[in-house]
Amino acid sequence: MWITILKYGVIAGVVVGGLMFATFLGFDGMPPLKYGMLIGYTTMLIALSAVFVGIKRHRDVDRGGVVGFWPAFGIGLGVSFIAGILYVVAWEALQAMTHMDFATSYSNAIIASEQAKGASAEALAKLTADMETFKVQYANPMFRLPMTFAEIFPVGVLVSLVSAGLLRNSRFLPARRG
């Protein structure tokens with residue numbers, strides 16, 4: 001079980017990290033705000049498909065075609081945890097290699113978005129102050145690292161729940177015999 005968790009967690013982490021690098025290098029920096037979340041969460045779902053594959057492999061190969069919900073969910077959480085750690089490492093590496101100031105770019109994009117919507121001067125002043133606070137917080141690794149982990153791990157929990165729910169039924173995508 002632990003080998004399955006490690007193997008598929010590393011696969012998911014490498015995939016999500018690789019897609020993150022491709023996205024940011026492809027856009028020559030931060031993708032446009034309107035596409036960033038869509039791209040980010042889509043790449044997470046693609047990478048976290050390794051949760052499903054890992055649980056299925058454990059069920060079909062290690063457990064003879066049968067796995068309970070809780071053991072399957074545990075494997076999914078383990079894979080998601082490893083993927084989340086590698087996601088954080090990839091994010092930190094990307095920022096270091098590209099010298100990207102994500103907090104400033106993000107803050108500027110949020111403020112510009114609100115300006116384009118016609119936000120009042122008071123609202124913009126408050127938002128600007130909030131974004132300055134965010135930049136200070138984001139500079140602290142004790143804030144940034146858990147925040148980055150919290151971007152992917154809830155997605156992994158959801159994928160783990162769905163995968164465990166489906167794969168606990170041995171008739172769902174049964175193992176091929178012979």
Side-chain angles (χ1 to χ4, degrees), residues 1-27 30-97 100 102 106 134 137-138 140-178:
M1 176 172 78
W2 297 109
I3 298 297
T4 299
I5 290 170
L6 184 60
K7 176 182 175 182
Y8 288 95
V10 168
I11 289 169
V14 168
V15 169
V16 76
L19 291 172
M20 179 193 307
F21 268 86
T23 300
F24 276 82
L25 297 176
F27 279 100
M30 196 169 101
L33 197 56
K34 61 183 175 180
Y35 302 120
M37 285 182 60
L38 175 66
I39 293 168
Y41 285 104
T42 300
T43 61
M44 287 178 200
L45 283 172
I46 291 167
L48 289 168
S49 65
V51 167
F52 182 88
V53 175
I55 294 170
K56 183 166 180 355
R57 188 230 175 259
H58 180 70
R59 179 192 76 177
D60 295 347
V61 176
D62 300 337
R63 303 283 301 160
V66 178
V67 70
F69 175 82
W70 291 110
F73 183 58
I75 289 169
L77 289 180
V79 171
S80 299
F81 182 80
I82 301 288
I85 296 297
L86 293 176
Y87 177 78
V88 171
V89 169
W91 178 247
E92 291 295 309
L94 177 69
Q95 288 191 91
M97 291 171 61
M100 173 177 52
F102 170 77
Y106 178 75
F134 168 73
Q137 291 173 326
Y138 200 78
N140 179 354
M142 297 305 285
F143 175 84
R144 184 179 63 249
L145 298 176
M147 184 177 158
T148 304
F149 183 81
E151 291 173 8
I152 189 170
F153 192 69
V155 179
V157 171
L158 181 60
V159 171
S160 298
L161 281 168
V162 170
S163 298
L166 293 171
L167 292 169
R168 69 185 170 88
N169 181 349
S170 60
R171 294 179 307 232
F172 181 78
L173 296 175
R176 289 186 169 166
R177 304 285 180 211

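Computed from heavy atoms alone, side chains included, the values below leave out hydrogens, waters and symmetry copies.
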Problem set entry | Aromatic contact, Phe134 with Tyr106 (centres under 6.0 Å) | yes
Exercise. Does some side-chain heavy atom of Leu94 sit less than 4.5 Å from a side-chain heavy atom of Met100?
Worked result: yes
For this session: Heavy atoms only: give me the nearest Ile5-Gly74 pair and the separation to one decimal.
Result: CD1-O, 4.5 Å
Exercise. Are more than 12 heavy atoms from other residues, nucleotides or ligands located less than 6.0 Å from atom CZ of Arg144?
Worked result: yes
Exercise. Rounded to the nearest 0.5 Å, what separation is found between the OH atom of Tyr87 and the CG atom of Leu48?
Worked result: 10.5 Å
Exercise. Rounded to the nearest 0.5 Å, how far apart are CG of Leu167 and NE2 of His58?
Worked result: 11.5 Å
Exercise. Do Val159 and Met44 come within less than 4.5 Å of each other through their side chains, counting heavy atoms only?
Worked result: no
Exercise. To the nearest 0.5 Å, how far apart are OG in Ser163 and CZ in Phe73?
Worked result: 10.5 Å
Exercise. Is Met37 atom CE crowded by more than 12 heavy atoms from other residues, nucleotides or ligands, each under 6.0 Å away?
Worked result: no
Seminar exercise, completed: Scanning both residues in full, the closest heavy-atom pair of Ser80 with Val51 reads OG-CG2, 3.6 Å
Exercise. More than 12 non-hydrogen atoms from neighbouring residues, nucleotides or ligands closer than 6.0 Å to CZ on Phe27, yes or no?
Worked result: yes
Problem set entry | Shortest non-hydrogen separation from Ala164 to Ile55 and the atoms involved | N-CD1, 4.2 Å
For this session: Could you walk me through whether Trp91 and Phe24 pass ring pair (Phe, Tyr, Trp, His ring centres under 6.0 Å), step by step?
Result: CA-CA 10 Å; Trp91 178 247; Phe24 276 82; 5.3 Å; yes
Problem set entry | Nearest non-hydrogen partners of Ala50 and Ala12, listed with the distance | CB-CB, 3.9 Å
Problem set entry | Closest approach of Asp60 to Leu173 (non-hydrogen atoms, all atoms of both residues) | OD2-O, 4.2 Å
For this session: Supply the atom-to-atom distance Gln137 CD to Met147 CE, rounded to the nearest 0.5 angstrom.
Result: 8.5 Å
Problem set entry | OH on Tyr138 to CD on Gln95, rounded to 0.5 Å | 4.5 Å
Exercise. Hey, does Phe153 have a side-chain heavy atom less than 4.5 Å from the side chain of Thr148?
Worked result: no
Problem set entry | Student check: side-chain heavy atoms of Arg57 and Thr4 closer than 4.5 Å | yes
Problem set entry | Closest contact, heavy atoms only, Val67 versus Pro71 | CG2-CB, 4.1 Å
Seminar exercise, completed: Rounding to 0.5 Å, atoms CD1 (Ile75) and CH2 (Trp2) come to a distance of 9.5 Å
Exercise. Considering residues, nucleotides and ligands other than Phe52, do more than 12 of their heavy atoms fall under 6.0 Å from its CZ?
Worked result: yes
